[in-house]
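Positions are given from 1 along the sequence. Atom set for the values below is all heavy atoms of this structure, side chains included, hydrogens, waters and symmetry mates excluded.
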Amino acid sequence: MRLVSPHLSQGFPGTMAMAVTYTLADGALEIGFSAVSDRTTICNPTSHIYWNLDGNSSRGSGGTIPGATGAPDASDAPAITDALDHTLHVAADRYFPTDAGFLPLDVAPVDGTPFDFRQPRTPRAAMAAHPGDPQLAIGRGYNHAYDFAAAYAGLADGYRTSRRSPTAGLASGVAPSAGSAPSVDPSMEAGARPLIPMATLTGGRSGITMALSCDAPALVVYSAGWFDAGSSLPGRGGRAYGPGAGIALEPGFVPNAINDDHHGTTPSPLLRAGDRFRMTIRYAFHA
């Protein structure tokens, strides 16, 4: 899939060419991102898939998401799917608390908090063990970034961004000539790269495990607490999706890192004119 985003589209400077490649192989799904811009700009793509590894027929017990609205359907009518009994492991010892507007504050240790998933446990159990936690109240569960900056810094620089060839037709900081646009060099989409093992998620009923790895400095975990159980968000088979219906695991840069580098500890999503951006997300499955 390819897209050319024009200069100032959605307010972002630069004409950006982006390619996204989906690959299925050996029980894994890989999503490869590559991009180049003719002006310095922000580049922070991710995948916002909601995962429910128990399938659409799963049913949750509800009642454990702080601040969630509506009530679970207790009848035999269409069920509200729920992934809060999935077992989650996040291989990070620090996370970013947020303010009330979900902007990350300075990084903090996960020790003694409901955000500690270094030993696998379910989000439901973690939340139940910390009733009244203010961060869970803000996010209606989980809506927080985990810090992988140290592992990210250990990757070769060429796996993150690299200067394009001078023959690519883009002058640094200068718009392309009339009728032209930046293009993604196919070579930047190919080849295996080292990835950081970030998280695993296992269905409570199916036993299916997904292992996520990526070459990004952060992972946002979102437990869909802002889905309204009383709404008509439709799903398959007439079922309504409510809070906790799925868990999103979103690799990328820390949200708002362009404005707050947390005392120089957080990598920036700034993509300089003519540099390449590359990122790969790998989801590996086994039962």
Side-chain angles (χ1 to χ4, degrees), residues 20-34 44-55 58 81-96 104 107 110 114-124 126 139 141-155 159-160 189 191-225 244-255 257 266-267 269 277-287:
V20 181
T21 303
Y22 293 82
T23 305
L24 283 170
D26 302 323
L29 167 65
E30 283 195 359
I31 307 177
F33 301 84
S34 54
N44 188 14
T46 190
S47 171
H48 206 298
I49 298 172
Y50 287 95
W51 296 99
N52 188 323
L53 299 173
D54 287 337
S58 62
T81 57
D82 187 328
L84 297 179
D85 288 318
H86 284 36
T87 299
L88 175 64
H89 167 244
V90 180
D93 56 13
R94 304 198 305 173
Y95 83 108
F96 291 87
V107 71
V110 299
F115 299 90
D116 189 353
F117 288 94
R118 292 172 297 181
Q119 294 297 319
R121 59 177 172 169
T122 69
R124 193 184 310 281
Y142 298 93
N143 190 16
H144 298 77
Y146 283 82
D147 179 35
F148 286 88
Y152 177 77
L155 299 179
Y159 292 124
R160 301 199 291 273
E189 300 174 43
R193 302 192 291 278
L195 302 177
I196 304 164
M198 290 185 164
T200 62
L201 189 67
T202 302
R205 299 186 182 187
S206 69
I208 296 172
T209 293
M210 178 194 71
L212 183 154
S213 54
C214 185
D215 47 354
L219 176 72
V220 173
V221 175
Y222 176 52
S223 58
I247 296 174
L249 303 172
E250 310 159 43
F253 292 90
V254 176
T266 303
F277 171 87
R278 296 192 298 177
M279 184 176 80
T280 299
I281 305 173
R282 187 173 194 268
Y283 307 99
F285 299 87
H286 68 269

Between [X] (side chain only) and [Y] (backbone N and O only), is there a donor and an acceptor less than 3.5 Å apart?
{"X": "Asp54", "Y": "Ser206", "answer": "yes"}
{"X": "Asn44", "Y": "Thr46", "answer": "no"}
{"X": "Asn52", "Y": "Ala245", "answer": "yes"}

Taking the inter-plane angle between the rings of Phe253 and Phe277 on a 0 to 90° scale, is it parallel (under 30°), tilted (30 to 60°) or perpendicular (over 60°)?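 Rings of Phe253 and Phe277: tilted, 30 to 60°.
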Search all heavy atoms of [X] against all heavy atoms of [Y] and return the closest pair with its distance.
{"X": "Pro251", "Y": "Met198", "answer": "CB-SD, 4.3 Å"}
{"X": "Met279", "Y": "Pro45", "answer": "CE-O, 3.3 Å"}
{"X": "Tyr50", "Y": "Ala224", "answer": "CE2-CB, 4.0 Å"}
{"X": "Ala91", "Y": "Phe148", "answer": "O-CE2, 3.3 Å"}

Gap separating the [atom1] atom of [X] from the [atom2] atom of [Y], nearest 0.5 angstrom:
{"X": "Met210", "Y": "His286", "atom1": "CE", "atom2": "NE2", "answer": "11.5 Å"}
{"X": "Asp26", "Y": "Phe285", "atom1": "CG", "atom2": "CZ", "answer": "13.5 Å"}
{"X": "Phe115", "Y": "His144", "atom1": "CZ", "atom2": "NE2", "answer": "4.0 Å"}
{"X": "Asp215", "Y": "Phe33", "atom1": "CG", "atom2": "CZ", "answer": "10.5 Å"}
{"X": "Leu53", "Y": "Arg205", "atom1": "CG", "atom2": "CZ", "answer": "13.5 Å"}
{"X": "Cys214", "Y": "Arg282", "atom1": "SG", "atom2": "CZ", "answer": "12.5 Å"}

So [Y] and [X], do their side chains get closer than 4.5 Å, heavy atoms only?
{"X": "Ser223", "Y": "Leu84", "result": "yes"}
{"X": "Ile196", "Y": "Leu155", "result": "yes"}
{"X": "Tyr283", "Y": "Ile49", "result": "yes"}
{"X": "Thr122", "Y": "Leu88", "result": "no"}

Note to self: For the aromatic rings, using the six-membered ring if either is Trp, is the centroid distance between Phe117 and Tyr142 under 6.0 Å?
What the structure shows: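 That pair passes the under 6.0 Å test.
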